[in-house]
Amino acid sequence: MPEKTVSNPYHIAQNRIRTAVDKLGMPDDVYERLKSPDRILEAAICIRMDSGHLKTFYGYRSQHNNALGTYKGGIRFSPDVNADEVKALSIWMTFKCAVVGIPLGGAKGGIACDPRNMSSRELESLSRGYIRQVGCVLGEKMDVPAPDVYTNPQVMAWMMDEFQSMYGGRYEPRVITGKPLQLGGSPGRLDATARGGCYAAREAAKTLGTETKGASVAVHGFGNAGQYAAILSEELLGSKIVAVSDSRGGIYNEKGMDAQSLIDHKKNTGAVSGYENSQPLSNKALLELPVDILYPAALENVITAQNAPDIQARIICELANGPITPEADDILENKGLIVLPDLLANAGGVIVSYFEWQQNEWDGEETARRLERKMIQAFKQLNEYQKIKENVTMRQAAYMYALERIVETMRLRGWGEFV
Ligand code: NAD
């Protein structure tokens, strides 16, 4: 297969559905029905930059499937955003919601831009411009966005406000999740993705007969998911953080580094590099460290056929979406390590988004308690399902398990003639 096909996340997502359909012996029509998003909107968003010039950015919203419930998925601001990436991410949302048993469908959005080189005013104009262009397909009962790479509660607040302006000032807090607390956000949403991942890693360690106490941890991508993974790996798992990295490179200290002071250092300097008592480490070397738990928490396709033979982690917990290519999956499988697939490992974010969308009363403790229950339940169900199906990886089991739920729901709704 040419490398281009292998690294295109949309083709990867489609291939993974294809494999699940075949393994379950489902008719080809199931693949035909689910291989493409129901709808994708492409928008040109023209805003005035601080320089005084107009600049056009391209944004997308992909709605994959809403058999299980309202379309749901984050919005990403990143230079590499494109239609295929957003389509793939929307497919993964459909399957993720099905894996963890929440009644939501799958969507995703994004804008090709580099927020690190934009002022707050420019980001606000872009966020509002995006909503003016795609707001016609959003709504609390239609499609509900949330934060993703390089977006945050402030961006969600601007978007919610713009949506409200579009509809004559009607109060519409449920159009978006991941909002600031003052605007109806959920306590515990910021750390939810990482918290869910830590619970999954803890359950996985139990199946290996080991403990996470004292376990060594490496975090690839020290942003929202990665930073909270470091904090919570210390707090919840008793593990030690030996390496972290961001887009500018990584650092290492085999004795362990304090997660909160790493976060403070990144906040103050803009990067993890230069942290006291640490040695520099490339992103490539970080991924290949012999650690107990590795959290890929940045972008897609970071573990490929090239570096998979050198991966030494015992548990890989995919906080990022699609960090491992299918070829790398095969290599890792033969090495006997545990890969907690993104469909399960990073589902904490959408679970707490679902809580936020449903209600606004639980405090952080209650939210965390319910998230823990859902993650443990999802892990156990998937683990059991994998055993029953025999000879499938946990990722394949996740796709198959989700597919059965999605197809059953479509059948009940009377969609398509394949069932
Ligand atoms: P973020 O923007 O907060 O952080 C991304 C981090 O990755 C940054 O620290 C950045 O420096 C780093 N990074 C970027 N390119 C890199 C590279 N080439 N090598 C190493 N590091 C690099 O984003 P986030 O919200 O933490 O999302 C990270 C991943 O988690 C994404 O795949 C996202 O889809 C997934 N995810 C996020 C959520 C959520 O709730 N935020 C939920 C589910 C999944």
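Counting convention: from 1, in listed order, for ligands and their atoms alike.
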How far does CE of Met166 sit from CD1 of Ile131, to the nearest 0.5 angstrom?
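Met166 atom CE to Ile131 atom CD1 measures 8.0 Å (nearest 0.5 Å).
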Using 0.5 Å steps for rounding, measure from the NE2 atom of His265 to the CG atom of Asp258.
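If I round to the nearest 0.5 Å, the distance is 13.0 Å.
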Glu124 bridged to Arg128 by N-O distance under 4.0 Å:
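Answer for the salt bridge query: yes.
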Contact check, Arg248 vs ligand 1, heavy-atom distance below 4.0 Å
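False for this residue.
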For [X], I'd like to know if atom [atom1] has over 12 heavy atoms of other residues, nucleotides or ligands within 6.0 Å.
{"X": "Glu361", "atom1": "CD", "answer": "no"}
{"X": "Lys380", "atom1": "NZ", "answer": "no"}
{"X": "Glu366", "atom1": "CD", "answer": "yes"}

Given side chains that start at C-beta, do those of Gln63 and Pro37 come closer than 4.5 Å, heavy atoms only?
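No. Closest side-chain heavy atoms not under 4.5 Å.
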In terms of residue, atom name and distance, what is the protein heavy atom nearest to [atom]?
{"atom": "atom 29 (C) of ligand 1", "result": "Ala298 O, 3.2 Å"}
{"atom": "atom 28 (C) of ligand 1", "result": "Ala297 O, 3.3 Å"}
{"atom": "atom 10 (C) of ligand 1", "result": "Tyr150 OH, 3.4 Å"}
{"atom": "atom 11 (O) of ligand 1", "result": "Ser247 N, 3.1 Å"}
{"atom": "atom 41 (N) of ligand 1", "result": "Asn224 OD1, 3.9 Å"}
{"atom": "atom 39 (C) of ligand 1", "result": "Thr193 OG1, 3.3 Å"}
{"atom": "atom 33 (C) of ligand 1", "result": "Asp148 OD1, 3.3 Å"}
{"atom": "atom 27 (O) of ligand 1", "result": "Val149 CG2, 3.6 Å"}

If you measure from each non-hydrogen atom of Asn346 to ligand 1, which part falls under 4.0 Å: side chain, backbone, both or neither?
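Contact part for Asn346 vs ligand 1: both backbone and side chain.
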For [X], the ligand 1 atoms whose distance to one of its heavy atoms is below 4.0 Å:
{"X": "Leu319", "value": "30 (O), 35 (C), 36 (N), 44 (C)"}
{"X": "Asp246", "value": "9 (O), 11 (O), 20 (C), 21 (N), 22 (C)"}
{"X": "Arg189", "value": "40 (O)"}
{"X": "Gly221", "value": "7 (O), 12 (C), 21 (N)"}
{"X": "Ala225", "value": "26 (O)"}
{"X": "Arg76", "value": "31 (C), 32 (O), 33 (C), 34 (O)"}
{"X": "His220", "value": "19 (N), 20 (C)"}
{"X": "Leu299", "value": "15 (N)"}

Has the side chain of Gln386 got a donor or acceptor atom that lies under 3.5 Å from a matching backbone atom of Val392?
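Yes.
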Does an N or O from [X], backbone or side chain, lie closer than 3.5 Å to an N or O of ligand 1?
{"X": "Glu300", "value": "no"}
{"X": "Gly223", "value": "yes"}
{"X": "Gly226", "value": "no"}

How close do Gly270 and Arg248 get, counting heavy atoms only, and between which atoms?
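In this case the closest contact between Gly270 and Arg248 is O-NH1, 3.7 Å.
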Compare every heavy atom of Cys97 with every heavy atom of Val350, then report the nearest pair and how far apart it is.
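Heavy-atom minimum between the residues: CG2-SG, 4.1 Å.
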From the options Val217, Ile315, Ile293, select the one residue that forms a side-chain contact (heavy atoms from CB on, under 4.5 Å) with Thr212.
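That would be Ile293; it is the only one of Val217, Ile315, Ile293 passing the side-chain contact (heavy atoms from CB on, under 4.5 Å) with Thr212.
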Answer yes or no for atom 18 (N) of ligand 1: protein heavy atom present at a distance under 4.0 Å?
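Answer no: nothing from the protein, no heavy atom, is under 4.0 Å.
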Before giving the answer on side-chain contact (heavy atoms from CB on, under 4.5 Å), spell out for Val137 and Arg39 the whole-Å C-alpha distance, their side-chain angles and the decisive distance to 0.1 Å.
CA-CA 10 Å; Val137 298; Arg39 161 159 66 184; 3.9 Å; yes
From CA spacing to verdict: side chain to side chain donor-acceptor pair (under 3.5 Å), Tyr401, Arg405:
CA-CA 7 Å; Tyr401 181 76; Arg405 287 184 167 194; 2.5 Å; yes
